[in-house]
> 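Have a look at this one before I ask anything.
All figures in this text were calculated on a predicted structure; none of them were measured in a lab.
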Amino acid sequence: MSMLTQGFERSLNWAERPARISMERKARLKRVALRMLAVLTMGSVLTALIALKTAIYIWHLHA
């Protein structure tokens, strides 16, 4: 058996198995992910506001 094809000959039992993660843990992970997304979004908005304020300041400085 070739080393390259060894993994393809195994059955795909992992695709048929039920998920091992509980519903409570899945819900908690989803809440954490949504909170992290909110924090990243707020950080992006804050960065955009700082860049806009800096651009306006430089624009008025050269005018």
> Can you measure from OG1 (Thr54) to CH2 (Trp59) and round to the nearest 0.5 angstrom?
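Answer rounded to 0.5 Å: 15.0 Å.
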
> Could you tell me the separation between the CG atom of Leu34 and the OG1 atom of Thr41, rounded to the nearest 0.5 Å?
10.0 Å

> To the nearest 0.5 Å, tell me how far Leu29 CG sits from Met36 CE.
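These two atoms lie 11.0 Å from each other.
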
